[in-house]
2 protein chains.
Amino acid sequence: MGIQKTSLVDIVIDRIKNHILKNGLKPGDKFLSEKELVDQLQVSRTVVREALISLQSVGIVTIKPGGGVYIADTKLGSINTILKHHYETYGVKIKELVEIRKIIELGALRLIIEKQIDLNIGQLNDINESYYQTIIKKEDTKKYDRLFHQSLMKATDNETFYNFSEIINEYFSLVKIDLVQNEEALIQSYREHAEIIKSLSEHKLQQAQKVMTDHFEPIFTFINQMEEQS
Amino acid sequence: MGIQKTSLVDIVIDRIKNHILKNGLKPGDKFLSEKELVDQLQVSRTVVREALISLQSVGIVTIKPGGGVYIADTKLGSINTILKHHYETYGVKIKELVEIRKIIELGALRLIIEKQIDLNIGQLNDINESYYQTIIKKEDTKKYDRLFHQSLMKATDNETFYNFSEIINEYFSLVKIDLVQNEEALIQSYREHAEIIKSLSEHKLQQAQKVMTDHFEPIFTFINQMEEQS
DNA sequence: AGTTATAATATTGTCAGACCAATTTTTATT
DNA sequence: AATAAAAATTGGTCTGACAATATTATAACT
């Protein structure tokens, strides 16, 4: 137990990684073709293919049928792939994801205030007003709602945090949850956004977090109802 | 751009995932062999192998040469591989990771209290006492410190949240940060643990979060000093 | 019967060659 | 020069074979 002889595929994977690093290849760059790799590494096409497929699975390269191999656009984006696999294989409790989202959003508020971020209040208000417009025009409201929350995440001045929040959002979007909201509920949501902006502008963390908590209430109520049914 | 015909490999991957989900296979379970999959799915061994390699790369199965295919032990574990590559390729700011850890730990406290989790206070105290013992015996303190925080994460009754916190911790461990702490600082840390336990047992969220915030102070101070030097 | 050594079998690892499908490049045509 | 057709490149899938490793069945022995 323990030490296992490294397979040829693993060796090739390492070689490829080194090659990428050594040559400073960046996302989008064209990589060597299967044939070129076979010739250079002197291994069978099977091994090269399996190595490339593995690397594609972890988001390092992208294989385009007929087109060649490319360096993947990876800004942690490949984690989504894994989460998707994970979700489709094991399933995941919606409630858990919502709880995580809530923790993250509350965390964003804390970071913004504790780090004394110079918020662009006007921009946030603009987004929220656009949100309001889509509500009364009975258009799709998701876009501006998401934009609002994304703006808060970005405002934390923590790129890794933002990336993770996006990952969670992607993960969340795997769960097809249709929270049908009437206009009244949406307007309430709009008001809460406004309150959050106001609290942030006044540097009131507790208050902002309180509103955000309320903001999550409807979805928790919805989920609890769903669970009762099943 | 957009729609791309799904490959056979992708279809097989989907089938395999469904099989795992449908049969409720758990980590460690023996899975079907390549031959069995070939027979059942009526595709070439090439396709089956490539599908399995891909699934192995995202941490869903483990292939043992000569021994068969198994369901992988670590849920979400393979994300660490991606994070490692990401870290080695793009670099990541330590401060950002610490902020995230703080947000997560504060979030755990919130979940525990809001969900009125029936905490095992005795166990937490035991862990903290063991922590204290290692401090005064001048042994390695990391183990029990980590165990304490892990216990809090687990107590949230949110497996996905716990998994993410572990991922962050793993990510964090990539950053070799040696926060040399003297005995006094460690004992202070021990006291804060105790205070957190007490606050939780009394269901006092604000207080628990306050202590946890203090608990993170030394490391932020350290990081800020590091940044000034460079 | 129980244990151990050995053989048979099952399973994954690697290779080679072939053909198909999609894409890219080249060439020919206008 | 722009366009269309042909050719070459490249990845996708299949088949069959043999090697390396692990498991299981068998035989031998105590």
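In what follows, every chain begins at residue 1, and chains take the letters A, B, ... in the order their sequences are listed. Predicted model, so just to flag it, every value in this text is computed and none were measured.
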**Student:** Could you check how far CD1 of Ile11(A) sits from C1' of dT14(C), rounded to whole Å?
**Tutor:** 12 Å

**Student:** Where each residue is assigned the nucleotide of DNA chain C containing its nearest heavy atom, which of Arg45(A) and Tyr70(A) is assigned the position nearer the 5′ end?
**Tutor:** Arg45(A)

**Student:** Not counting sequence neighbours, which residues clear salt bridge (charged side-chain N to carboxylate O under 4.0 Å, His left out) with Lys138(A)? List them please.
**Tutor:** Glu183(A)

**Student:** Kindly point out which of dT13(D), dG11(D), dT12(C) is positioned nearest to the side chain of Arg49(B)?
**Tutor:** dT12(C)

**Student:** Rounded off to whole Å, could you give me the CG-to-P distance for the Asp39(A) and dG11(D) pair?
**Tutor:** 12 Å

**Student:** Does Lys64(B) qualify as a cation-pi partner of Tyr70(B), given the criterion of NZ or CZ under 6.0 Å from the six-membered ring centre and within 45 degrees of its axis?
**Tutor:** yes

**Student:** Can you measure Phe31(A) atom CZ to dT10(D) atom C1' for me and round it to whole angstrom units?
**Tutor:** 15 Å

**Student:** Whole angstroms only, please: what is the CG-P distance between Leu8(B) and dC20(C)?
**Tutor:** 16 Å

**Student:** Go nucleotide by nucleotide along DNA chain C from the 5' end; which of Val43(A) and Gly66(A) gets its closest nucleotide reached first?
**Tutor:** Val43(A)

**Student:** Are Asn163(A) and Thr160(A) linked by a side-chain donor-acceptor pair shorter than 3.5 Å?
**Tutor:** no

**Student:** When the distance from CD of Gln42(B) to P of dT15(D) is rounded to whole Å, what number comes out?
**Tutor:** 9 Å

**Student:** Return the value, rounded to whole Å, for the distance between atom CG of Asp10(A) and atom P of dA20(D).
**Tutor:** 18 Å

**Student:** Which nucleotide wins on minimum distance to the side chain of Ser33(A), given the candidates dG13(C), dT10(D), dC15(C)?
**Tutor:** dT10(D)

**Student:** Report the distance from atom CD of Glu50(B) to atom P of dT13(D), rounded to the nearest whole Å.
**Tutor:** 7 Å

**Student:** Categorize Thr46(A) for me: base, sugar-phosphate, or nothing, with a 4.0 angstrom heavy-atom threshold over every strand shown.
**Tutor:** base

**Student:** Count the heavy atoms belonging to other residues, nucleotides or ligands that lie under 6.0 Å from CZ of Phe148(B), then report whether that count exceeds 12.
**Tutor:** yes

**Student:** Would one find a side-chain N or O of Ser44(B) under 4.0 angstrom from OP1 or OP2 of dC14(D)?
**Tutor:** yes

**Student:** Starting the side chain at C-beta, find the nucleotide from dT14(C), dG12(D), dG13(C) nearest to Glu34(B).
**Tutor:** dG13(C)

**Student:** State which residues pass ring pair (Phe, Tyr, Trp, His ring centres under 6.0 Å) with Tyr144(B); sequence neighbours excluded, sorted by chain then number.
**Tutor:** none

**Student:** How many whole angstroms separate atom CD1 of Ile63(A) from atom C1' of dG11(D)?
**Tutor:** 8 Å

